[in-house]
Each structure stands twice: as C-alpha cells, then as structure tokens.
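Just below is one structure, and these are the notes that go with it.
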Amino acid sequence: MKYAYYPGCSAKSTCPELDISMKAVANKLGLELTELEVAACTGARQLRDSNEELFLTLNARTLALAEELECNVVTVCATCLLNLVEVNDRLRRDAELRAKINRNLSEVGLQYRGECEVTHLLWVLLRDIGAEALAGRIVRPLRGLRVAPYYGCHILRPKDVLGFDDPDSPTSLDTLIRLLGAEPVAYDGKKRCCGFHVLMAREDVALKLSGRRLLEAEDAGADCLVTTCPLCHTSLDPYQSAAARTSGAKADLPIIHLPQLLGLGLGLDPKELKLDGHVVSTVPVLEKLALGA
C-alpha cells in the first residue's frame, strides 16, 4: 500500500517521536510512505478564519502534490486530517472556487484535480489493512494494560465530511485497543475537546478542559491515554502538570501516540518508538508490560 505521507508541523517539531514511530510502524506493516517534504502547514483552524483563500490554496497545494504522486494522503494529525478533507470536499463540489484556487496554484506549476483521498493512520489500520489482518500481525499483546482512547474533536466532526466514525459513540480507537490485546476504558471525555485551539488566547480555559480530560481518564482507571492528534498530545502531556492543577488530577498519566501503542503490539523496541521522549514518563506503561524502563 502506497501513500503520500503528510506528517504536519507538530510531528516534525514539538512531537518528533510521533513522526519517528509512524515511520517505524509503517515499515513493519509494509506501508510505503512518500513524505510530502515541501508541503506547507494546513493552518490549524485559525488560518481559515483570518484568510480563507490562503487556507484553501495551501491545502489544495498539498493535495496537488499528492496527486502528482498518484497516491492518497495519510496523516497522523487529526487537525490536518480535517483541514485537508474539508478542502478536498469543498473544491470537488464547487467548480468556480476550484478554478480560482487553481489560478493561485498555477503560479507554482501545480493543479488540483480532486483525484486523491485523505485518510488517517487509524483509518488505514481498520479500513485499508483491516481488523482481521492487523490482528494477525500482533506479536506482543498488550494484556493487562488499561488504555483511555482519546479521539478528541477533529477525527470525528463534522460527521457528514469525515464519515468514518460516530461522533457521539465512536468505536474505532476502542476497536484498535482491543486488537492490541489491551482494555479500552470507558469515559465520556474521550470525544470531547482538549482545549488546544484556545491555548494561546485563553490558557485558563484550555487548561481546565485538558485537566478535566485527565481526571476523567484517571477516574476510569486508565494506565495511559492514547491520542490520534499531536495537538491533543501537547495539551495532555507537556501541559499536564498545569492542567492537572485545575482538576485535581495526579499529573502522572502517560500520554501515548497511536503509532507508539501500535508499535508495542507489533513487537518494536520502546526506544525505536521514542517512548522516552515524553514529558510525563511512560515507564509505568513499559513496566506493566514487563518491558522494563
């Protein structure tokens, strides 16, 4: 399976362990990734509000780069996923807007045609590879590990554009956790906001939101929390001490990236997955799995 790999900004900067572990599990699973090294940021969500034409053009440029490779796009960032999926959907449906954006792209020798799809690693695992085939690749079942699945917002909503999971009762990440031999813990906060997108403007609000998510997972008895987005990871790992003070959480909950958790199940070495690169120590997870520190 070949994909145009779009890591986004965070996986190359604040969360480099995400990019490293993504490439490690892709290699283990036989996924051929061609990284879109010259692709720009998708603009988080803020760029769309300040300069919509630039937002559309930047994302259309990334899609056009993937089309030149004749590959679908895969990302490990739920926010990047949503931006790219929304732009792809909108430009496919609006010929006049598509022509306008293509005039912009023509200045750099590109054309958007609407020929590629955009997907997330989680969707690749369950839809492209399939649960049964993936289960056969698990050589180190994560038995005894209680994992809080954290979907966040952007991999679920809006449903009519994304369409992979039920935003009110999501199951995909829970399914993957079970395939890995671990136990997904039930808590309502798994589908709620982490607060990242108001972090710069209203840190107090953002910390209360992420602190609430931490306490909910902790109260559910989770040994760790797994994220589908590096922005959520940033709210819940580097900011965990500050967030925990708003909710009374213990500030010791390991926050694991999706490919890191998968990599453990595939038998990869924790060092290869850069599980030592987090602010909150992941040692308790490794010890529970008898993998040492």
Side-chain angles (χ1 to χ4, degrees), residues 1-8 10-11 15 18-19 21-36 39 42 59 62-63 66-67 69-90 92 114-138 147 149-180 182 184 190-191 225-233 256-263 265-266:
M1 298 179 185
K2 297 181 180 181
Y3 299 92
Y5 171 48
Y6 180 80
S10 293
C15 298
L18 174 55
D19 176 57
S21 58
M22 170 61 174
K23 290 174 178 174
V25 300
N27 182 60
K28 191 74 172 178
L29 292 170
L31 304 178
E32 185 177 332
L33 304 181
T34 300
E35 187 172 335
L36 297 172
T42 65
N59 283 280
T62 297
L63 295 168
E67 288 176 352
L69 297 172
E70 298 183 348
C71 290
N72 290 330
V73 177
V74 64
T75 184
V76 285
C77 176
T79 298
C80 297
L81 171 79
L82 178 57
N83 287 339
L84 289 165
V85 168
E86 281 191 329
V87 171
N88 207 22
D89 177 69
R90 187 171 173 190
R92 280 172 168 175
E115 294 175 352
C116 76
E117 303 296 336
V118 182
T119 189
H120 187 279
L121 173 61
L122 177 61
W123 300 0
V124 168
L125 297 172
L126 297 179
R127 182 171 59 192
D128 298 358
I129 297 176
E132 184 176 347
L134 183 61
R137 304 294 296 273
I138 305 305
V147 181
Y150 188 68
Y151 296 83
C153 307
H154 294 160
I155 202 168
L156 296 175
R157 307 177 186 88
K159 182 181 180 180
D160 61 336
V161 174
L162 295 171
F164 185 78
D165 213 336
D166 184 342
D168 297 315
S169 300
T171 60
S172 56
L173 191 51
D174 294 70
T175 297
L176 179 63
I177 291 168
R178 290 190 186 94
L179 283 174
L180 292 170
K190 68 181 181 181
K191 60 191 179 185
L225 181 149
V226 63
T227 60
T228 63
C229 184
L231 306 186
C232 298
H233 180 94
I256 312 294
H257 296 290
L258 170 59
Q260 290 179 316
L261 192 72
L262 173 63
L266 293 173

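If you take OH on Tyr3 and CG on Asn72, they are separated by 7.5 Å, rounding to the nearest 0.5 Å. Note: Leu125 CG to Thr175 OG1 = 11.5 Å, rounded to the nearest 0.5 Å. Distance CD1/Ile155 to CG/Leu122: 5.0 Å, rounded to 0.5 Å. The distance from atom NZ of Lys191 to atom OG of Ser169, rounded to the nearest 0.5 Å, is 5.5 Å. Taking NE2 from His233 and CD from Gln260, the interatomic distance works out to 7.0 Å, rounded to the nearest 0.5 Å.
A distance-only check finds no donor-acceptor pair linking the side chain of Thr227 to the backbone of Tyr150 [under 3.5 Å]. Here the side chain of Tyr6 pairs no donor or acceptor atom with the backbone of Glu35 at under 3.5 angstrom. With hydrogens and angles ignored, the 3.5 Å screen pairs a side-chain donor or acceptor of Asn88 with a backbone N or O of Cys116. Judged by distance alone, the side chain of Asp128 and the main-chain N or O of Met1 form no donor-acceptor pair under 3.5 Å. Remark: the backbone N or O of Ser172 is paired with a side-chain donor or acceptor of Asp165 at under 3.5 angstrom. Of the possible polar contacts, none joining the His257 side chain to the Pro259 backbone as a donor-acceptor pair under 3.5 Å is found. Using modelled atom types, no side-chain atom of Arg137 and backbone atom of Gly265 make a donor-acceptor pair closer than 3.5 Å. Checking side-chain atoms of Ser21 against main-chain N and O of Leu18 turns up a donor-acceptor pair under 3.5 Å.
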May I have the step-by-step check of salt bridge (charged side-chain N to carboxylate O under 4.0 Å, His left out) for Lys2 and Glu70, ending in yes or no? CA-CA 9 Å; Lys2 297 181 180 181; Glu70 298 183 348; over 6 Å; no

For the pair Leu262 and Leu29, evaluate side-chain contact (heavy atoms from CB on, under 4.5 Å) and give the outcome as yes or no after the intermediate values. CA-CA 11 Å; Leu262 173 63; Leu29 292 170; 4.1 Å; yes

Apply side-chain contact (heavy atoms from CB on, under 4.5 Å) to Asp166 and Thr171, showing your working. CA-CA 8 Å; Asp166 184 342; Thr171 60; over 6 Å; no

Please step through side-chain contact (heavy atoms from CB on, under 4.5 Å) for the pair Ile256 and Leu225, ending with a clear verdict. CA-CA 6 Å; Ile256 312 294; Leu225 181 149; over 6 Å; no

Test log, rule side-chain contact (heavy atoms from CB on, under 4.5 Å), inputs Val147 and Leu180: CA-CA 11 Å; Val147 181; Leu180 292 170; over 6 Å; no

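Of the candidates Leu31, Val73, Val76, Thr34, Val76 is the only one forming a side chain to side chain contact (heavy atoms under 4.5 Å, CB included) with Tyr5. The side chain to side chain contact (heavy atoms under 4.5 Å, CB included) test with Trp123 is passed by exactly one of Val74, Leu162, Thr228: Leu162.
Using a 4.0 Å cut-off between a side-chain N of Lys or Arg and a carboxylate O of Asp or Glu, Glu117 and Arg92 qualify as a salt bridge. A salt bridge is defined here as a Lys NZ or Arg NE, NH1 or NH2 lying under 4.0 Å from an Asp or Glu carboxylate O, and Asp174 with Lys190 meets this definition.
Listed here is the closest heavy atom pair of Leu179 and Ile138: O-CG1, 3.7 Å. Across every non-hydrogen atom of Thr62 and Ala39, the tightest pair is OG1-CB, 3.7 Å. Cys229 and Cys77 get closest at one heavy-atom pair: SG-SG, 3.8 Å. What you find for Gly114 and Glu67 is that their closest heavy atoms are N-OE2, 2.7 Å. Closest heavy-atom contact between Ala4 and Cys71: N-CB, 3.5 Å. Taking each heavy atom of Ala11 and Asp19 in turn, the nearest pair found is O-CB, 3.0 Å.
A donor-acceptor pair shorter than 3.5 Å cannot be found between the side chains of Thr42 and Asn59.
Side-chain atoms of Leu63 and Val118, non-hydrogen and from C-beta on, do get closer than 4.5 Å to each other. Using a 4.5 Å heavy-atom cutoff, the side chains of Pro184 and Arg178 are in contact.
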